[in-house]
Asker: 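Encoded as structure tokens, here's the structure I'll be asking about.
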Amino acid sequence: MTELDKKQIGVPVPADWAYARLQERYGHFVGGDWLEPAETYTTISPATEEPLAEVGQATPEEVDRAVAAARAAFENGWSGLAASERAKYLFRIARILQERAREFAVLESLNGGKPIKESRDVDLPLAAAHFFYYAGWADKLEYAFPNRRPHPIGVAGQIIPWNFPLLMLAWKIAPALAAGNTVVLKPAETTPLTALLFADVLRQAELPAGVVNLLTGDGRTGAALVEHPGVDKIAFTGSTEVGKAIQRQLAGSGKRLTLELGGKAANIVFDDAALDQAVEGIVNGIYFNQGHVCCAGSRLFVQESIYEPLVEKLRRRLETLRVGDPLDKNTDVGAINSAQQLAKIRELVASGEEEGAQIYQPPCRLPEKGYWFVPTVFTEVAQSYRIAQEEIFGPVLSVLTFRTPEEALEKANNTPYGLSAGVWTEKGSRILWMAQRLRAGVVWANTFNRFDPTSPFGGYKESGFGREGGLHGLEPYLRFDE
Amino acid sequence: MTRLPVKKTYKLFVGGEFPRSESGRTYEAEGQNVARASRKDVRDAVKAARAAQPKWAGATAYNRGQVLYRLAEMVEARAGEFAELSTGREEVERAIDRGSSNPVAGPYFNFTVPEPTGVVAVLAPEEPPLLGLVSRLIPPVVGGNSVVAVASETRPLAAIELAEAVATSDVPGGVINILTGYRRELGPVLASHMDVNALDLAGADGDSPELERLAAENVKRVVHGRADVQSPWEIASFLELKTVWHPIGQ
């Protein structure tokens with residue numbers, strides 16, 4: 001048996017994913033009830049291409065009904081409810097998510113393709129923690145914003161991406177509700193199922209009807225929500241391209257806007273770094289969630305003197321990554337979220353090869369059905385290559401080199417994005433020097449891809465504006481009488 | 001016989017200097033010929049602002065506070081109408097500090113610090129010409145940004161007076177740049193400029209929607225400032241928040 005065969009024979013995976021308790025068909029969750037959709041589409045498993053369910057493609061009329069339901073809920077009680085009562089609903093939601101974590105984790109991996117160990121150990125615990133954290137602030141807004149007399153804004157329209165479906169839902173809904181707003185949320189086209197299951201959490205929590213409304217659909221539904229005059233605030237997480245389009249669409253409307261957009265994070269390794277830890281951080285930084293992460297460490301900058309040993313370690317580590325069934329607990333890298341995304345990754349990887357970069361992919365046997373991409377490392381990459389400039393949003397790392405800290409900074413900041421960055425060095429003063437100068441909203445030093453509800457997250461420059469997480473994450477959902 | 005006064009030429013203020021518009025154009029306002037800035041002047045001003053910004057941002061808040069206090073002194077010395085400026089607004093930096101240390105659930109030290117956004121473009125309100133400009137100009141500067149401001153179109157003289165106070169203060173050249181001219185002409189150039197990070201549309205009037213659309217091209221932070229608001233929170237619109245993580249271990 002070859003090493004490759006040994007690697008591929010994992011623990012057998014239970015064939016049925018009955019635990020996810022799928023329905024054949026879902027409507028829109030509007031005003032506390034299921035609205036039979038006028039149009040539908042099929043959502044699939046990206047790992048097998050099997051159809052999972054029929055879901056609604058919300059029309060402008062359905063968007064209108066959802067916004068009306070949210071408005072009614074805002075006017076008729078939610079905004080006037082004692083803040084401590086709002087908090088209790090949020091605590092309930094957090095608790096129910098914890099209780100039903102397994103069900104959500106299975107469904108998340110099934111519909112999105114991410115490894116179950118990630119949905120189980122990252123997405124679900126963090127989603128529950130976000131509700132828990134913001135529940136705590138709901139009745140302490142006066143304390144959080146002293147002398148500013150905070151008030152809710154009204155109806156928030158929220159549009160979220162497919163890379164962390166339930167977690168992004170939590171990032172959006174928890175602060176909005178804690179601040180006293182009501183919500184119309186649209187999950188991503190390819191990953192609607194955990195949001196739809198979340199409606200059942202709201203039922204169990206007995207959240208008043210209309211406080212949270214969930215519409216599924218593609219970009220047309222999103223555009224209708226952004227345009228709707230009854231929406232007071234838009235929060236969007238997704239690509240920079242769509243973010244710009246939304247900002248344009250909202251020009252002159254007076255609606256509040258926050259954007260969490262793309263990134264092309266630099267992960268910078270100095271010659272004095274703890275190399276084995278750095279390699280783990282690099283791997284986590286770019287292959288976590290198949291690289292479908294806006295803050296992924298997709299540009300690796302290595303100090304020249306350690307370039308060869310580091311790249312060698314990285315290659316060896318790559319050979320141990322297991323790519324395959326998202327529902328297998330041993331899987332490190334799951335399925336690419338959609339055929340469309342796979343095509344985009346392939347296109348950019350081909351451009352890297354054409355422009356002259358050296359490609360390395362570990363030996364890997366991929367399943368026949370489904371959307372897959374082998375974890376990839378490019379060396380000999382120049383700053384000008386597309387793979388060093390554009391967000392790939394896949395398991396593809398570009399390795400570049402530098403000699404001095406100044407050069408590392410110059411190269412790292414040479415991008416229109418500014419979401420995150422990583423620094424690896426044992427020298428404390430250098431960490432702080434780099435952290436001060438990196439133009440990015442999150443800097444991970446000697447670690448990468450850490451998230452916490454208390455920790456503000458968001459970008460500089462074309463990576464968007466506004467912060468999610470922490471006290472700062474409440475501000476976009478409040479207005480102040482100053 | 002009364003003495004004939006020396007007549008003043010009202011020019012632009014870019015990079016710490018007082019150039020005429022490169023276009024050679026002027027327009028008449030308040031009985032004076034005032035420079036009518038061109039799109040090239042806007043680009044030059046943004047370039048000067050970008051060049052000056054890192055050093056200004058790198059100065060300590062204490063130092064920036066003292067420099068702005070000195071500016072207030074200069075303004076105070078210049079004219080009675082400037083007196084209202086010297087309200088000690090330089091003290092606000094620490095009040096706005098929205099940084100925090102964040103109690104994450106894990107062995108990490110995690111903190112958030114405010115940082116300047118970069119280059120801020122300001123369309124100053126038409127009225128009041130001086131206080132409106134100062135109200136919109138100073139908050140981003142306090143936060144460590146550099147600014148390119150378009151003065152009141154109909155009453156630009158006070159802005160040039162202010163520029164002279166800035167020039168004789170210790171504010172480094174390029175941190176504050178003031179243009180006079182037609183806002184219809186200059187607004188779109190600033191709103192679409194790819195090296196401008198934030199846009200204050202205080203004086204944009206009916207042009208706001210179009211300017212906001214242009215601003216989306218590089219995801220500018222757009223602020224609708226008011227001439228009469230003087231709150232430390234005004235600074236926050238021109239700050240970014242950076243969060244830094246580090247593991248705790250032996």
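Below, read A as the first sequence line, B as the second, and so on, with proteins coming before strands; counting in each chain starts at 1.
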Asker: What's the shortest heavy-atom distance between B:Val219 and A:Leu259, and which atoms?
Answerer: CG1-CD1, 4.0 Å

Asker: Has A:Arg248 got a side-chain atom pairing as donor or acceptor with B:Glu212's backbone, closer than 3.5 angstrom?
Answerer: no

Asker: Take B:Val222 and A:Gln247, measure what side-chain contact (heavy atoms from CB on, under 4.5 Å) needs, and give me the verdict at the end.
Answerer: CA-CA 10 Å; B:Val222 178; A:Gln247 193 178 355; 4.0 Å; yes

Asker: Could you give the distance from OG (A:Ser420) to NZ (B:Lys242), rounded to the nearest 0.5 Å?
Answerer: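 Going from OG on A:Ser420 over to NZ on B:Lys242, the span is 12.0 Å.
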
Asker: Hey, what do you get for CH2 (A:Trp444) to OH (B:Tyr108), rounding to the nearest 0.5 Å?
Answerer: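 The CH2 atom of A:Trp444 sits 11.0 Å away from the OH atom of B:Tyr108.
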
Asker: Where on B:Glu217 is there a heavy atom nearer than 4.5 Å to chain A: the side chain, the backbone, both, or neither?
Answerer: both

Asker: Between A:Ala440 and chain B, with a heavy-atom cut-off of 4.5 Å, which part of the residue counts as in contact: side chain, backbone, both or neither?
Answerer: backbone

Asker: Is A:Pro416 in contact with chain B via its backbone, its side chain, both, or neither, using a 4.5 Å heavy-atom distance?
Answerer: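 Neither part.
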
Asker: Got a second to check how far B:Thr112's OG1 is from A:His472's NE2, nearest 0.5 Å?
Answerer: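 Spacing of OG1 (B:Thr112) from NE2 (A:His472) equals 5.5 Å.
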
Asker: Any heavy-atom pair between the side chains of A:Asn446 and B:His246 that's under 4.5 Å?
Answerer: yes

Asker: Around B:Arg39, counting heavy atoms of other residues, nucleotides and ligands shown, do more than 12 lie under 6.0 Å from its CZ?
Answerer: no

Asker: Against chain B, work out which of A:Ser455, A:Ser463, A:Ala435, A:Ala245 has the most heavy-atom pairs shorter than 4.5 Å and name it.
Answerer: A:Ser455

Asker: Is B:Thr117 in contact with chain A via its backbone, its side chain, both, or neither, using a 4.5 Å heavy-atom distance?
Answerer: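 Backbone of B:Thr117 only, per the 4.5 Å heavy-atom cut-off to chain A.
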
Asker: Any donor and acceptor pair, going by atom type alone, linking the side chain of A:Asp452 with main-chain N or O of B:Ala105 inside 3.5 Å?
Answerer: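 Judged by distance alone, yes, a pair lies under 3.5 Å.
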
Asker: Assess whether atom CD of A:Glu407 is packed by more than 12 heavy atoms of other residues, nucleotides or ligands within 6.0 Å.
Answerer: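 Atom CD in A:Glu407 is crowded, with more than 12 foreign heavy atoms closer than 6.0 Å.
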
Asker: Is it true that B:Glu115 and A:Arg439 make a salt bridge, defined as a side-chain N closer than 4.0 Å to a carboxylate O?
Answerer: yes

Asker: For the CZ atom on A:Arg95, are there more than 12 heavy atoms of other groups (residues, nucleotides or ligands in this structure) within a distance under 6.0 Å?
Answerer: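 Incorrect, the count does not exceed 12.
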
Asker: Picking from B:Met194, B:Arg221, B:Lys220, B:Glu210, which has the most non-hydrogen pairs under 4.5 angstrom with chain A?
Answerer: B:Arg221

Asker: Within the side chain of B:Thr243, is there an N or O that forms a donor-acceptor pair under 3.5 Å with the backbone of A:Pro456?
Answerer: yes

Asker: Using non-hydrogen atoms only, which part of A:Phe451 is less than 4.5 Å away from chain B: side chain, backbone, both, or neither?
Answerer: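 Contact with chain B: backbone only.
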
Asker: Atom NZ of residue position A:Lys411 - does it have more than 12 heavy atoms of other residues, nucleotides or ligands inside 6.0 Å?
Answerer: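 Above 12, so yes.
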
Asker: Tell me whether A:Glu142 at atom CD has more than 12 heavy atoms from other residues, nucleotides or ligands lying less than 6.0 Å away.
Answerer: yes

Asker: Answer with side chain, backbone, both or neither: which region of B:Asn110 has an atom nearer than 4.5 Å to a non-hydrogen atom of chain A?
Answerer: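 Contact with chain A is through the side chain of B:Asn110 alone.
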
Asker: Counting only non-hydrogen atoms closer than 4.5 Å, does A:Arg467 touch chain B with its backbone (N, CA, C, O), its side chain (CB onward), both, or neither?
Answerer: side chain

Asker: Can you list the residues of residues 202-209 of chain B that sit under 4.5 Å from chain A, counting heavy atoms only?
Answerer: B:Pro209

Asker: Could you grab the distance from atom CD1 of A:Ile431 to atom CH2 of B:Trp245, nearest 0.5 Å is fine?
Answerer: 15.5 Å

Asker: Report the option among A:Val442, A:Leu432, A:Val423, A:Ile246 that has the most heavy-atom pairs separated by less than 4.5 Å from atoms of chain B.
Answerer: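 Top option by heavy-atom pairs under 4.5 Å: A:Val442.
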
Asker: More than 12 heavy atoms of other residues, nucleotides or ligands under 6.0 Å from CZ of A:Phe132: is that the case?
Answerer: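 Count not over threshold, so no.
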
Asker: Take atom CD in B:Glu127; do more than 12 heavy atoms of anything else shown fall under 6.0 Å from it?
Answerer: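 More than 12 heavy atoms, drawn from other residues, nucleotides or ligands, come within 6.0 Å of this atom.
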
Asker: Side chain from CB out, backbone as N, CA, C, O: work out which of these in A:Leu250 comes under 4.5 Å of a heavy atom of chain B, or both, or neither.
Answerer: backbone

